[in-house]
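Heads up: the structure comes next, in structure tokens.
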Amino acid sequence: YGDHRDLHSFPTRRSSDLYSFPVDEQVPVLVPESASAGDVSLARQLIAELSDRYGVPLRIEAVSGLPRGRFILMGSAANPLVRQYLTANHIGAPPAKAEAYLLRAGPDTVIVAGNDDAGAFYGLQSLRQLIGKDGARVRIRGVEVEDWPPLSFRAIRLYLPGHENIAFFKRFLRDFMALYKFNKVIM
């Protein structure tokens with residue numbers, strides 16, 4: 001589609017799919033009934049991104065099992081829905097490396113499965129990069145990604161702003177550092 005953004009880093013393994021995932025108000029972002037704070041945080045971050053940037057307000061849906069139909073699911077390997085999805089679709093667990101994740105987007109489902117909470121978070125950052133508009137429709141580009149960072153320390157050097165710019169500084173940390181997968185700030 002018109003927006004040809006791609007992943008900002010080079011994933012360890014990647015293949016593209018011809019089919020994209022259509023995003024509309026009917027798509028739930030799934031969390032387990034006993035969702036962890038991390039699972040809810042991932043869902044809220046994606047919902048905020050889609051609402052703020054693309055005008056598509058999604059909803060969080062707490063479920064005990066995977067529903068039929070289209071959905072988005074994110075979480076670490078500890079998330080029971082993630083484990084259920086991987087098993088049902090004969091997909092191996094994410095690589096057993098710190099901050100590793102797998103991301104699959106197809107016509108019916110989008111899943112981010114992190115080896116740990118950090119991996120799920122960085123998988124969400126890659127997912128954000130795959131969202132785009134196709135005319136009036138919002139889509140997530142079809143892809144299969146398996147990735148982990150080559151370095152455990154990925155920092156950016158910053159100077160503290162004055163107190164009147166703290167709100168901008170927090171947005172910068174959220175929008176820039178997370179998207180480009182920096183994990184440390186040097187001040």
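Values in this document were obtained by computation on a predicted structure and should not be read as measured data. FYI, the numbering just counts along the sequence from 1.
- Paired with Leu102 under the rule side chain to side chain contact (heavy atoms under 4.5 Å, CB included), one option of Val145, Leu86, Asn115 passes, and it is Leu86.
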Go through Gln125 and Gln45 one step at a time and tell me if the side-chain contact (heavy atoms from CB on, under 4.5 Å) criterion holds.
CA-CA 10 Å; Gln125 302 317 310; Gln45 288 176 60; 4.1 Å; yes
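- Under 4.0 Å is where a charged nitrogen must lie from a carboxylate oxygen, and between Arg70 and Asp24 at least one such pair does.
- Hydrophobic clustering of Ile, Leu, Val, Met, Phe, Trp and Tyr side chains at less than 4.5 Å, counting indirect connections, unites Leu42 with Tyr122.
- A salt bridge is absent between Glu99 and Lys97: the closest approach of a Lys/Arg side-chain nitrogen to an acidic carboxylate oxygen does not fall below 4.0 angstrom.
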Verify side-chain contact (heavy atoms from CB on, under 4.5 Å) between Leu58 and Ile72, making sure each step is shown before the conclusion.
CA-CA 10 Å; Leu58 299 186; Ile72 298 171; 4.0 Å; yes
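- Summarising the local packing, CZ of Arg59 is surrounded by more than 12 heavy atoms from other residues, nucleotides or ligands at distances under 6.0 Å.
- Considering Ile111, Leu127, Asp147, Leu124 as possible partners of Leu103, the one that fulfils the side chain to side chain contact (heavy atoms under 4.5 Å, CB included) test is Leu127.
- Between the side chains of Tyr101 and Ser76, no donor-acceptor pair is found at a separation under 3.5 Å.
- Taking the side chain as every heavy atom from C-beta outward, Val27 and Phe21 approach each other to under 4.5 Å.
- The minimum heavy-atom distance linking Ser20 with Pro22 is given by the pair O-CD, 3.4 Å.
- In Glu61, the CD atom is crowded: over 12 heavy atoms of neighbouring residues, nucleotides or ligands sit closer than 6.0 Å.
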